Amino acid sequence: MNYEEITKITAERINDYMNEAIKTDSRGVAEMFHNAAWGARSLWFELASQLEIELIKKNKYQSYELSREIERQKEEFMKVLDRERIPLLREGQENETI
């Protein structure tokens, strides 16, 4: 798999998990889906970093573009993963026993 394929699949999974977290009426389930989304983002970052390392070994100048793209995508994922997007996980919400 290449960077674009990994990123596309990861974005789909993160969006799916976050949508489920937003739709649920259980704080515990919302936490679970949010954590799953974070896990997908973490795996993406590990895979993207490994691709970057391999590219650096081949051509350090070409890797600069990939590094910039990884950083841009990382910031985008961070926006999508914001807990404040999930009604049950927003600051100030009553805690539910899980």
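None of these values were measured; they are calculated from a predicted model. FYI, the numbering just counts along the sequence from 1.
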At what distance, to the nearest 0.5 angstrom, does [atom1] of [X] lie from [atom2] of [Y]?
{"X": "L81", "Y": "M18", "atom1": "CG", "atom2": "CE", "result": "5.5 Å"}
{"X": "I14", "Y": "N19", "atom1": "CD1", "atom2": "CG", "result": "12.0 Å"}
{"X": "L43", "Y": "I9", "atom1": "CG", "atom2": "CD1", "result": "10.5 Å"}

Can you sort out the partners of [X] under salt bridge (Lys or Arg N to Asp or Glu O under 4.0 Å), two or more places apart, ordered by chain and number?
{"X": "K8", "answer": "E12"}
{"X": "E65", "answer": "R68"}
{"X": "R41", "answer": "none"}
{"X": "R83", "answer": "E31"}

Show the nearest heavy-atom pair for residues [X] and [Y], with the distance to one decimal.
{"X": "I6", "Y": "L51", "answer": "CD1-CD1, 3.7 Å"}
{"X": "H34", "Y": "A21", "answer": "N-CB, 4.2 Å"}
{"X": "T10", "Y": "A40", "answer": "CG2-O, 3.6 Å"}

Worksheet item: Residues sharing I56's hydrophobic cluster, by side-chain heavy-atom contacts under 4.5 Å among ILVMFWY, directly or via others?
Response: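 Members other than I56 - counting any ILVMFWY side chain reachable under 4.5 Å - there are none.
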Discussion item. Could you list the cluster mates of I53? Members are the ILVMFWY residues connected by side-chain heavy atoms closer than 4.5 Å, either directly or through other members.
Written reply: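 Taking Ile, Leu, Val, Met, Phe, Trp and Tyr as members, I53 stands alone, with no cluster partners.
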According to side chain to side chain contact (heavy atoms under 4.5 Å, CB included), who are the partners of [X], at least two apart in sequence or on a separate chain?
{"X": "Q73", "answer": "Y3, T7, W44, E69, E76, F77"}
{"X": "D82", "answer": "E84, R85"}
{"X": "E5", "answer": "M1, N2"}

Worksheet item: Is there a side-chain contact (heavy atoms from CB on, under 4.5 Å) between E71 and K74 once you walk through the steps?
Response: CA-CA 5 Å; E71 192 58 36; K74 186 174 147 185; 4.3 Å; yes
Are [X] and [Y] in one and the same hydrophobic cluster, where Ile, Leu, Val, Met, Phe, Trp and Tyr link if side-chain heavy atoms are under 4.5 Å apart?
{"X": "W38", "Y": "F45", "answer": "yes"}
{"X": "I22", "Y": "F33", "answer": "no"}
{"X": "V80", "Y": "I70", "answer": "yes"}
{"X": "M32", "Y": "L89", "answer": "no"}

Worksheet item: Can you list every ring-ring contact (aromatic ring centres under 6.0 Å, His included) pair that touches residues 9-29, not counting sequence neighbours?
Response: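 For residues 9-29, and leaving out neighbouring residues, there are no ring-ring contact (aromatic ring centres under 6.0 Å, His included) pairs at all.
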Discussion item. Going by the rule side-chain hydrogen bond (donor to acceptor under 3.5 Å, both in side chains), which residues pair with K23 if we only count those two or more places apart in sequence or in a different chain?
Written reply: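 E20.
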Worksheet item: Tell me the salt bridge (Lys or Arg N to Asp or Glu O under 4.0 Å) pairs involving residues 43-58, sequence neighbours left out?
Response: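 Checked against salt bridge (Lys or Arg N to Asp or Glu O under 4.0 Å) - neighbours excluded - no pair reaches residues 43-58.
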